[in-house]
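Structure record follows, encoded as structure tokens.
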Protein chains: 2
Amino acid sequence: MNTQEINNWQAVHEEVRRRIHARDWKPGDLIPNEADLAREFGCARATVNRALRTLADAGLLDRRRKAGTRVALHPVGKAVLDIPVIRQEIEGCGMAYSYVMLDRITEPAATSQQARLRIRAETPLLHVTALHLADGRPYVLEDRWIDIAVVPDATNAPFDTTSANEWLLAQAPYTHGDIAFSAVALPEMAALALKARPAAAAFRIERNTWDNDRAVTAVDLYFAPGYRMQTQL
Amino acid sequence: MNTQEINNWQAVHEEVRRRIHARDWKPGDLIPNEADLAREFGCARATVNRALRTLADAGLLDRRRKAGTRVALHPVGKAVLDIPVIRQEIEGCGMAYSYVMLDRITEPAATSQQARLRIRAETPLLHVTALHLADGRPYVLEDRWIDIAVVPDATNAPFDTTSANEWLLAQAPYTHGDIAFSAVALPEMAALALKARPAAAAFRIERNTWDNDRAVTAVDLYFAPGYRMQTQL
DNA sequence: CAGTGGTCTAGACCACGAT
DNA sequence: TCGTGGTCTAGACCACTGA
């Protein structure tokens, strides 16, 4: 008999995890339904539901109405990445943050940006290039395009002391976005700014944000060589 | 007056999102407490709780007992990455999956692996190197170390047709892990296997998995140049 | 101390979907 | 069709934490 009562959802969560881990319930197995588990654990069905739903969100269980709950065949690892404001990421590591704007011009969209933001060729974009530094050393190069038709206030923002990164978060609402991670050989200009060897392998993040199908901004972040993005599973 | 009733947690979720987006509630603002919102929306407090808790998980709200709920100052973007089995990632793209084992030896842990897995120097590890291909083209190189003291069955697994990637998921339970993403210049041997230029920029994933503080396995994945890992925000 | 979020309960109804 | 998960409700108690 158990020395601990299982009467809260975290305890149920833990116990179910334990049974999966101990292979009492193997991948593909059907596990008892919520009502039966609630009876077994001596708690309400809603409590079991919360625990199982959380485990399903984490990818350990597959749940389908009528078909019941099964242990996932392929425990899909879901990594939750926090994408913080760059300033906070740096300060969070105990380093001093500084910022330099390198360039700021308004120009018609290049073909690559047209495709990315799904805009017409003649659309004018505000193009801002800036460098974020940690303890005085180049950390990441920010190459950003802003649709000034969607964010007119950006025209008046200097971006000389506050990065476009932070300004947009505070000023421009968005509904959704997409993000991509890749490795690229540093373009020559980026290498120059980051004080790295040209064509060095750099971690790149491309992000686009949208406000109800109107593109707000697109940004490329080139991290200085050696950058690692980490998380727990 | 609203044409839609707000009587389920998703509707509450959406309405609160809308108010944040419309800047009715600005970053840093205190929003009404759960009981008041429940009264306003005409639903139970538990329903409001579920909606607000979900928004807090997504990083849009900051909640603290007694202090109340505030709109997050820095809407931390949380990207949820699915880390699928490599076979599924390739087949999911509609490409043909194939697999080749390149090497398989048992050797004492190198210093780099000792630190990573927190094991003693003399610990023998099974070292498996393999290539995953999509439509016959090199996709990712898998460089893996397995602690055969923790997973003794691995000694008998040939890994010639089933990748260590899949075998371990099915056979070796784990409790947690960590994962890191970075960009590296391809080591010469990896470049050879991937048929890429040596020192080309490659996307690398390093993953370690643990079973209650015993290291199960460590793996480095070197993706062929051009690989992008994408998700929605 | 007192206000707020966090959770549990028992019961109810509904939506989906396998058979 | 009908079993299963998904959700809502009204009420209750508790845990944390700011004042």
Side-chain angles (χ1 to χ4, degrees), chain A residues 2-17 19-20 25 27-73 75-76 78 80, chain B residues 2-17 19-20 25 27-73 75-76 78 80:
Chain A
N2 291 324
T3 56
Q4 286 268 11
E5 278 193 55
I6 300 182
N7 52 4
N8 55 25
W9 76 265
Q10 318 204 19
V12 174
H13 179 101
E14 193 178 355
E15 172 62 12
V16 173
R17 257 200 86 120
R19 292 189 187 180
I20 294 172
W25 294 333
D29 280 4
L30 192 62
I31 76 172
N33 67 33
E34 295 186 348
D36 288 344
L37 285 175
R39 225 167 293 125
E40 181 192 342
F41 294 142
C43 65
R45 183 168 77 94
T47 305
V48 174
N49 179 277
R50 170 107 190 243
L52 297 189
R53 182 160 37 81
T54 303
L55 284 162
D57 288 345
L60 273 92
L61 295 176
D62 277 337
R63 318 195 73 194
R64 265 152 48 213
R65 281 163 158 139
K66 168 72 180 177
T69 300
R70 291 175 180 279
V71 179
L73 261 349
V76 180
K78 298 203 177 185
V80 180
Chain B
N2 291 324
T3 56
Q4 287 269 10
E5 278 193 56
I6 301 182
N7 52 3
N8 56 23
W9 76 267
Q10 319 204 20
V12 173
H13 179 102
E14 193 177 355
E15 172 63 12
V16 172
R17 256 199 88 119
R19 293 187 186 181
I20 294 172
W25 295 333
D29 280 4
L30 192 63
I31 77 173
N33 67 34
E34 294 185 349
D36 289 344
L37 285 175
R39 226 167 292 125
E40 182 193 342
F41 294 141
C43 65
R45 183 166 81 93
T47 306
V48 173
N49 179 277
R50 169 107 189 243
L52 297 188
R53 181 160 39 80
T54 302
L55 284 162
D57 287 345
L60 273 90
L61 295 176
D62 278 336
R63 320 195 72 194
R64 264 152 51 213
R65 281 161 157 136
K66 166 74 179 178
T69 300
R70 293 175 179 278
V71 179
L73 261 348
V76 180
K78 299 204 176 183
V80 180

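First the proteins, then the strands, lettered A, B, ... as listed; each starts at 1. Note: hydrogens, waters and symmetry copies are ignored here, and every other heavy atom, side chains too, is used.
To the nearest angstrom, C1' of dG6(C) lies 10 Å from CD of Gln10(A). Distance CZ (Arg70(A)) to C1' (dG5(D)): 14 Å, rounded to an integer number of Å. Straight-line distance from the CZ atom of Arg39(B) to the P atom of dT9(D): 14 Å, rounded to whole Å. One can place NE2 of His13(A) at 13 Å from P of dC8(C), the figure rounded to the nearest angstrom. dT4(D) atom P lies 17 Å from atom CG of Asp62(A), rounded to whole Å. Counting to the nearest Å, the P atom of dT9(D) and the CH2 atom of Trp9(B) are 14 Å from each other. Residue Asn7(A) contributes atom CG, which lies 13 Å from atom P of dT7(C) at whole-angstrom precision. Across the protein-nucleic acid pair, Arg63(B) atom CZ and dT17(D) atom P stand 14 Å apart, rounded to whole Å.
Listed by chain and number, the residues in a side chain to side chain donor-acceptor pair (under 3.5 Å) with Gln10(A) amount to none (sequence neighbours excluded). Applying the salt bridge (Lys or Arg N to Asp or Glu O under 4.0 Å) rule to Arg70(B) yields no partners; only residues at least two apart in sequence or on another chain are considered.
Using a 4.0 Å cut-off, some side-chain N or O of Thr47(A) falls inside it from OP1 or OP2 of dT9(C). Side-chain N/O atoms of Asn8(B) include none lying less than 4.0 angstrom from OP1 or OP2 on dT7(D). Close to dT4(C), at under 4.0 Å from its OP1 or OP2, lies no side-chain N or O of Thr69(B).
At least one side-chain heavy atom of Val48(A) sits under 4.5 Å from a side-chain heavy atom of Cys43(A).
Residue pairs meeting the salt bridge (Lys or Arg N to Asp or Glu O under 4.0 Å) criterion with at least one partner in residues 44-62 of chain B, sequence neighbours excluded, are Glu34(B)-Arg45(B).
Residue contacts shown for Asn49(B) include a base, since a base heavy atom lies under 4.0 Å away.
Rounded to 10 degrees, the angle separating the terminal axes of the helix from dC1(C)-dG18(D) to dA18(C)-dT1(D) is 20°, with each axis obtained from five end pairs.
Of all the residues in residues 50-60 of chain B, Arg50(B) reach under 4.0 Å from DNA chain D with at least one non-hydrogen atom.
Here CG of Leu55(A) is found 9.0 Å from CZ of Arg63(A). Values are rounded to the nearest 0.5 Å.
For CD of Glu14(A), the number of neighbouring non-hydrogen atoms (other residues, nucleotides, ligands) closer than 6.0 Å is 12 at most.
Taking every heavy atom of both residues into account, Thr47(A) and Asn8(A) meet most closely at CG2-C, 3.7 Å. Across Pro27(A) and Ala72(A), no two heavy atoms sit closer than the pair CB-O, 3.7 Å.
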Next on the checklist: Output one letter per nucleotide in nucleotides 11-19 of chain C: B when a protein non-hydrogen atom lies under 4.0 Å from the base, S when only the sugar-phosphate is that close, - when neither is.
Outcome noted: -B--BBBB-
